[in-house]
Amino acid sequence: MSLREESMRSFAAARASRAADTDRWLKDLFRTAGDGTGAALVAVGSLGRRELAPGSDLDLVLLHEGRADIGAVADRIWYPIWDSAVGLDHSVRTVDEAVEVAREDLKAVLGLIQARHVAGDPELTRKAREAVLAGWRADSRRRLAELREMSDRRAEGSGEVAFLLEPDLRDGRGGLRDLQAMQAVAAAWVASAPGPRAREAYELVLDVRHALHMVTGRGADRLVLQEQDAVAGALGLLDAEALMRRLAEAGRTIAHAFDVTWRAVDRLVSGPSPRGRRPLADGVVEQAGEVVLARGADPRKDPVLVLRAAAAAAGSGLPLAPATVSVLAAQSAPLPVPWPEEARDALVAVLGAGRAAVPVWEELDQAGIIVKLLPDWERVRHRPQRNPIHRFTVDRHLIEAAANAAAHTREVSRPDLLLISALLHDIGKGWPGDHSATGEVVVRDIGARIGLTPPDVEILATVVRHHLLLPETATRRDLDDPVTIEKVAGTVGSREVLELLAALASADGHATGPAAWNAWKAGLVTELVRRVRSALSGSPPPRAPTLSEAQVALARHGGGAVRVNGGAVTVVAPDRPGLLWSAAGVLAAHRLVVRSASSAAAGSTAVIEFVVVPEYGTPPDPATLEADLRLVLAGRLDIEQRLARRTRSLRPVRVPVAPPRVTLVDDASATATVVEVRAHDRPGLLWRIGRAFGECGLDVRAARVETLGAEAVDVFYVVDRAGRPLSDGAQRTQVRDLVLAALR
C-alpha cells in the first residue's frame, strides 16, 4: 500500500472514530441530563453521516413528545458542548414540529432525511425520519425544483471545484454538497444513488477537507494556495500540483454525476417522453430526449460509431444516454491509424457545434473514451494551471477554446484546421519545456494519427507552434516598426495561417479568462493582422474547377448519363441553368449528404461529380436514384415538393451556430463572378443555394463544394443570363441577400 493510500485510509478511519467518540460523549450528556423518557437526541449533518472532520460543527436535534421540562434537558446537553468550544447547530422539536419545519425549510429536510439516532427513544427518531421522508417523496416535484435552484445558486456563488485556483470543497460545483444533493434525490426515489466512482471522488474531497482542517487547525472549506503544499504532504502526495490534479478529477466526476442525476429529475418533471425513435445519423437515434444507439448498431464492428454518436449529440444539442456511453466505452473497436476521413469529419463536427460540444466531450472524457481516441490527451487531462489568469484545467481549457473557435469558422478558409488546432494548441503542457515547441512535436504525431495530409499536418504544427505569436507581438512590440510586421509575416508565411492564428488567438483568450483577453488586446491583434495581411500581398483567389481527362471523355458522349458507384455520383447532361442544384435536390430527397461536389463544363455539356454519404441507415437503391436523376434532368420530377416534405420532417437545429457568410470575391475570374458561401451544413443546403441563384437569374458555370465536419465551404462561378460576370451593384446585393435568406 502506498503512503497516499495509507494516509487517505487513515483519514476515513479517523472520521469514523471521531464520530464514534462523539456519539459516546453525547450519550453520556443525554444520560446525565435527566430522565430520557419521551426524548431522543438525533445527529444530522456531518455527524449524522459519520463524516466528522477535525473542525466540523455538531448538528443536533432534540426530539420530544411534548415534555414540559425539555428546555432544561436541552440546556444540560448544549452547555457542556459550548463549554468544550465545539461549534453547535441545535434545535428542539416535537416530531410534528420537525415534520412541519421540514415541509418548508429545505436545509432542515436535507438534514432530517439522513438523520441518525444517537441517544434516547429510537422510536421517536424512526417516526420523525419516516414522516419526513414520506413528505419529501410525496412533494418531490416541488422540493426537487427548490433543491436544483439552491444548488445552482450555490455553484454560481462558489465556482467549480475542478477549475478554481482556490476551490470551495463544500459548496463549489463538484464539491461535497453536490453529492449530498444527489443522495437527497435518490431518497425521493427519482434517481439512483451516486455510483462507486462518484462515491470514491466524494471520499477524496472529504480527505482533502480533513487534511485542510488538520493543517489550519480550524474548520475551513476553501483550499487556499498557501495551504496546498501542506495539505498535499498530509495526504502523502508529491506536491500541490499532484493534489490539485486529483481534486480536479474528483470535482469533475461529482459534477458529471450531478448532471446525470438532474437529467433524471428533469424527465420526471417534464412527464413521459414520446416513445418513438428519430434517426440522427447512421446507427444513432434520439429516444426520450437522449442520443442512443440504433437497433443493430455495433461499435465492435463500426469503430467510427463513437464519434458519429458524439457528433449527433453535439449537433442536436442532446445528451448522450449514460447507458450508451457505457456501451461505447466498453465495446468500441479501436480506430485504424490513420483515421478514416469519416472519423475526422465527425471529430470536426463535434467541435464545430460550439458550446454544445463541451458537455458531450465531458461525457466521453469521463468514460475514458477520449484518451483511447487521442492517447496524448492523458498528459493534459485534469492538469491544473496554477496561475490566476487561467480559469480551467488544461484539458477543459482546450475544449473551451475549440467551442469558442466554432464562432470563427466563417473567418477562415480551413474551419476544420481551426477547430483541431484550438483543441490541441496547449497539448504540449503535458510535457517538459516550452509548451509551444513541445506541442508542435506532439501535434505532428496526432495530425498523422487522425489522417491529415502532410501539408495539413504542417499547417497544424505551425499554428500550434506560433499560437501565441499574434497576442504577444501585438502587446509587446511596436506595430509601426516595419521589422515587426516583416518578422510576423515571415513566420506565418501565408494568409491561410495568419487567419487561423487570428481566430485562435481570440478563442484561446476567451477560454483563458477575462484577464487574458479584452477589447484593448483584441484591437491590437486586429491591427497587427491587418498590417501583416497587407505585407503578405494576399493569397491567390479560388481557381475554377476543370474537367479531368476521364471527365472530358465522358462529356464527349453527350448528355443524359447518370452513374452511381457507391458514394460517387456522376451526372453528365447538356449544360443549362439549375442543373447543379436540381441534381443536389434529388440527392437530398434520397437522404444523401453531399460531402463534396465539382461542376465544370466541356462545351455545351456539364459534368457534375458528387461524393455522398447516407444520413443514416443503408444507402438508397442506385437504380431508383439514377431514375430520379434522369427524371429531374428531363423536367418530369417536382423535386421541390419532395424536399418540402423532407424538410418538414427534420428536427430544427437546437444548438447555436455561427451565422452564414456570403462573399462575392472580386478579381477571382475574368469570365464569371465568384460567390463563396460559408454555412452550417444541413440537408438540402446546396439545393437551396442553387434555387436562390435561379431566383436571381444566374447560371452556375462551375462549382466546388466541400463539407468539413459540419461546415459547408462552397465556391460558385456564376454569370447572368447574358453569360457575363455581375457588375451591377444592386444585383450583387440581391444575390448576397437572397442566398443568405436561403441559408436561414
Side-chain angles (χ1 to χ4, degrees), residues 10-33 36 39-64 73-93 95 98 101-102 105-122 124-130 132-133 136 169-171 175-184 186-187 193-194 199 202-203 205-214 216-221:
S10 68
F11 284 156
R15 287 192 293 274
S17 175
R18 183 177 176 82
D21 290 344
T22 303
D23 281 359
R24 284 191 289 271
W25 178 42
L26 293 174
K27 288 178 188 293
D28 290 342
L29 290 177
F30 186 85
R31 187 166 49 251
T32 58
L41 188 61
V42 179
V44 296
S46 58
L47 178 60
R49 296 185 298 270
R50 292 188 174 91
E51 296 170 355
L52 212 57
S56 296
D57 293 341
L58 300 183
D59 296 320
L60 299 170
V61 179
L62 182 60
L63 294 173
H64 66 100
V73 173
D75 287 344
R76 288 192 287 272
I77 298 173
W78 306 152
Y79 275 97
I81 297 175
W82 287 325
D83 290 343
S84 69
V86 174
L88 175 64
D89 186 357
H90 62 90
S91 61
V92 180
R93 314 265 191 223
V95 170
V101 169
D105 187 327
L106 191 58
K107 181 180 177 183
V109 72
L110 292 178
L112 286 168
I113 60 177
Q114 292 185 323
R116 186 171 60 81
H117 181 75
V118 175
D121 184 356
L124 279 181
T125 304
R126 185 191 64 78
K127 284 182 180 179
R129 190 169 184 273
E130 288 184 357
V132 168
L133 271 171
W136 175 248
L169 303 173
R170 186 183 67 171
D171 291 335
L176 301 175
R177 293 286 196 213
D178 276 355
L179 191 125
Q180 292 157 14
M182 286 186 270
Q183 291 171 325
R199 284 292 315 179
Y202 179 76
E203 289 293 330
V205 180
L206 280 176
D207 288 340
V208 174
R209 183 169 178 257
H210 191 125
L212 178 62
H213 286 195
M214 288 175 52
T216 60
R218 55 188 174 84
D221 291 314

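Computed over heavy atoms, backbone and side chain alike; hydrogens, waters and symmetry mates excluded.
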Practice task
Measure across R93 and A98 and return the closest heavy-atom pair with its distance rounded to 0.1 Å.
Solution key: CB-N, 3.9 Å

Problem - F11 versus A211, closest heavy-atom pair with distance - result: CE1-CB, 3.9 Å

Completion exercise
Closest non-hydrogen atoms of F30 and G120, given as atom of the first, atom of the second and distance, are CE2-CA, 3.4 Å

Handout entry: Trace of the side chain to side chain contact (heavy atoms under 4.5 Å, CB included) decision for K107 with D89
Key = CA-CA 12 Å; K107 181 180 177 183; D89 186 357; 3.8 Å; yes

Exercise for the section: Can you measure from CG (L112) to OG (S91) and round to the nearest 0.5 angstrom? Expected result: 7.5 Å

Completion exercise
Heavy-atom closest pair (H117 atom, A40 atom, distance to 0.1 Å) is CE1-CB, 4.0 Å

Handout entry: Whether W78 and H90 hold their rings parallel, tilted or perpendicular, with breakpoints at 30° and 60°
Key = tilted

Exercise for the section: Run the salt-bridge test on R31 and D28 with the 4.0 Å N-O cut-off and return the result as yes or no. Expected result: yes

Completion exercise
Applied to residues 52-63, the side-chain hydrogen bond (donor to acceptor under 3.5 Å, both in side chains) test, sequence neighbours excluded, yields none

Handout entry: Evaluation steps, side chain to side chain contact (heavy atoms under 4.5 Å, CB included), between R15 and E203
Key = CA-CA 11 Å; R15 287 192 293 274; E203 289 293 330; 3.3 Å; yes

Problem - From L212 atom CG to R218 atom CZ, the distance as rounded to the nearest 0.5 Å - result: 7.0 Å

Practice task
Check whether any side-chain heavy atom of L52 sits under 4.5 Å from a side-chain heavy atom of L58, and report yes or no.
Solution key: yes

Problem - Atom of A187, atom of I113 and distance for their closest heavy-atom approach - result: CB-CD1, 4.3 Å

Exercise for the section: Would you check if the side chain of W82 reaches a backbone N or O of L88 as a donor-acceptor pair within less than 3.5 Å? Expected result: no

Exercise for the section: Please test R199 against M182 for side chain to side chain contact (heavy atoms under 4.5 Å, CB included), starting from the C-alpha separation and ending with a verdict. Expected result: CA-CA 11 Å; R199 284 292 315 179; M182 286 186 270; over 6 Å; no

Exercise for the section: Measure the shortest side-chain to side-chain distance between R209 and D221 over non-hydrogen atoms and say whether it is less than 4.5 angstrom. Expected result: yes

Practice task
Please name the residue in the list R50, R18, R116 that meets the side-chain hydrogen bond (donor to acceptor under 3.5 Å, both in side chains) test with D23.
Solution key: R116

Practice task
Evaluate the side-chain proximity of V205 to L179: yes if any heavy-atom separation is below 4.5 Å, no if none is.
Solution key: no

Problem - Close side-chain approach of I81 to L26, heavy-atom, < 4.5 Å - result: yes

Exercise for the section: Calculate, to the nearest 0.5 Å, the distance between atoms CG and NE2 belonging to D121 and H64 respectively. Expected result: 13.0 Å

Exercise for the section: Mind listing the closest non-hydrogen atom pair of D207 and A12 along with its distance? Expected result: OD1-N, 4.1 Å

Problem - Note, D178 side chain near Y202 side chain (heavy atom, < 4.5 Å) - result: no

Practice task
Answer whether the closest heavy-atom distance between the side chains of L60 and L47 falls below 4.5 Å.
Solution key: yes

Exercise for the section: Please tell me if the side chains of D105 and V109 come closer than 4.5 Å, counting only heavy atoms from C-beta onward. Expected result: no

Practice task
Indicate yes or no: at least one non-hydrogen side-chain atom of Q180 is less than 4.5 angstrom from one of E51.
Solution key: yes

